[in-house]
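Have a look at the structure below, then the notes.
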Amino acid sequence: MVTDTIAAIATAMSEAGISIVRISGENAIPAADAVFRSGKSGRRLAEAKSHTIHYGYIFDGDERIDEVLVMLMKGPNSYTGEDTVEIDCHGGVYVTKRILETVLKQQVRAADPGEFTKRAFLNGRIDLSQAEAVGDIISARNEYALKSSLDQLRGSVRETIQDLRKDLIYHIAYIESALDDPEHISLDGYREELSQVNDRLLSRLLKLIRSFDNGRMRKEGIRTVIVGKPNAGKSSLLNVLVGEDRAIVTDIAGTTRDILEEQIEIHGISLNIIDTAGIRDTSDRVEKIGVDRAISSMEKADLILYVADSSVPMNEDDEKIIEMLRGRRVIVLLNKTDLPGVISQEAIQACIDAPVIRISAKEEKGIEELENTLKDLFFQGELAFNDEICITNIRHKQALQDAYESLLQVKESIALQMPEDFFSIDLMGAYESLGKVIGESVEEDLVNEIFSKFCMGK
């Protein structure tokens, strides 16, 4: 752990009411004292109590730069666990940079991205899952992503992982003790006991692993793909949902040749909406590439909005699309209801088991029903956002998967009547894999990579 003192601008570099320059490290308070002059008391920050705010001015030599408030937090009761000073100055870009440059003259270096949070982790203030939650809170796109990240910051993932590791280390220690001292610690009947514990742990791990898809959608948004035949009104629907003309709309079939992605929020749920080329058999090479990309996007989608033109009869292209939709999460939108209809809601429902909504993208009718259907789907259906812990980080999922594989080896060893030391090896493998989630068994390079993705000043 380095002991040098770091500083950075902790707020966005733009004109604003207030900007913050953050300093952390053993020289943070002396460095702040060197540039800060109290506006009233004349007291030095080194003489002040922790968690106090002081009014005064920042000076670069004899030049007064700005009128400020300085917040003093002495370690270990600070975000980083070190002495920390935050200078609240006026929010001009130039004045904020001048204050940072003045601080950096006082045996202080510029912080790397995420270095304040990295120090909080290295000093034991937070574990690695909580540190990652800090970054997730900053990048949260909706209220559910924010809630999930806040739960993780409060320690929901850490507590779950520690609970799992507690069971594992108990049985690792028991086996090792029994092997070292068989006269006093018996392993008779232990296989049956371990088998029950192992099955319970496998079940808990599998539930966490399976929560990843829901967690990813909370964090990143629901990947929603609009599909249908050419000229069905897909681009018109995108424009209505986004609230502006993002896609070109014409009466010419095949106008959309590539995918177009936008993000919207409906009832607090983020949707990454993707408009695609109309799906049909075509000899046009460029259009065919667009069709292939549409099919590829559909295969990766969390939710599909199938737009069908209710004013024209269904044909082989519709049948091909419906066949590709089977087994997927779909909402069918019967579009162009402002025109005389030839496709009934019942006819579509006979072909595919999915909600069917009559809309007119041109007249913006049926959109409210679509939004309510989305709300019902994600609040009450299989994708319900409940209060149970959800895994939102792919690194966590991989570590859980590794632990699960190790416990499957334990299960197989028990079934094959292998010696008990085989159990211990794989139990330890699971224990170490789970330790990677909270940072107790993690390589330095991975730690550096994680924090390098944070914003400057955090």
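A quick note: this is a predicted structure, and the numbers were derived from the prediction, not measured. Just the heavy atoms: all of them, side chains too, but no hydrogens, waters or symmetry mates, feed the values below.
- Summarising the geometry, atom CD1 belonging to Ile222 is positioned 9.0 Å from atom CG belonging to Asn272; distances are rounded to the nearest 0.5 Å.
- A side-chain hydrogen bond (donor to acceptor under 3.5 Å, both in side chains) check over residues 161-170, counting only residues at least two apart or in different chains, returns the pairs Asp163-Arg204, Arg165-Glu440.
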Report the C-alpha separation of Lys458 and Asp136 in whole Å, then their side-chain angles, then the decisive distance to 0.1 Å, and conclude whether the salt bridge (Lys or Arg N to Asp or Glu O under 4.0 Å) test is met. CA-CA 12 Å; Lys458 193 62 181 179; Asp136 291 341; over 6 Å; no
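- A donor-acceptor contact shorter than 3.5 Å links the side chain of Asn27 to the backbone of Gln106.
- Annotation: side chain to side chain donor-acceptor pair (under 3.5 Å) contacts of Asp127 (sequence neighbours excluded): Ser129.
- Put simply, CE on Met73 and CZ on Arg22 are 7.0 Å apart, with the number rounded to the nearest 0.5 Å.
- Of the possible polar contacts, one joining the Thr373 side chain to the Glu369 backbone as a donor-acceptor pair under 3.5 Å is found.
- Separation of atoms CZ (Arg109) and CD (Glu115) is listed at 4.0 Å; rounding is to 0.5 Å.
- Annotation: side chain of Leu205 is in contact with side chain of Leu434 (closest heavy-atom distance under 4.5 Å).
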Check step by step if side chain to side chain donor-acceptor pair (under 3.5 Å) holds for Glu192 and Gln196. CA-CA 6 Å; Glu192 291 74 18; Gln196 293 178 5; over 6 Å; no
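- A donor-acceptor pair is defined here as one N or O able to donate and one able to accept, closer than 3.5 Å; no such pair exists between the side chain of Arg158 and the backbone of Ile438.
- Note that the CZ atom of Arg119 and the OH atom of Tyr79 stand 13.0 Å from one another [nearest 0.5 Å].
- Here the CD1-CD distance, from Ile226 to Glu262, works out to 10.5 Å after rounding to the nearest 0.5 Å.
- To the nearest 0.5 Å, the span separating CZ on Phe59 from OG1 on Thr102 amounts to 11.5 Å.
- Inter-residue side-chain proximity for Asp426 and Ser413 is flagged as met; some heavy-atom pair is nearer than 4.5 Å.
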Evaluate the criterion salt bridge (Lys or Arg N to Asp or Glu O under 4.0 Å) for residue pair Arg191 and Glu420; output intermediate values, then yes/no. CA-CA 8 Å; Arg191 292 172 184 268; Glu420 284 79 2; 3.7 Å; yes
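- Taking the six-membered ring where tryptophan is involved, the planes of His171 and Tyr190 are tilted, since the angle between them lies from 30° to 60°.
- For Asp66 (side chain) and Val95 (main-chain N/O), no donor-acceptor pair under 3.5 Å exists by modelled atom type.
- For the pair Ser211 (side chain) and Ile391 (backbone), a donor-acceptor distance under 3.5 Å is present.
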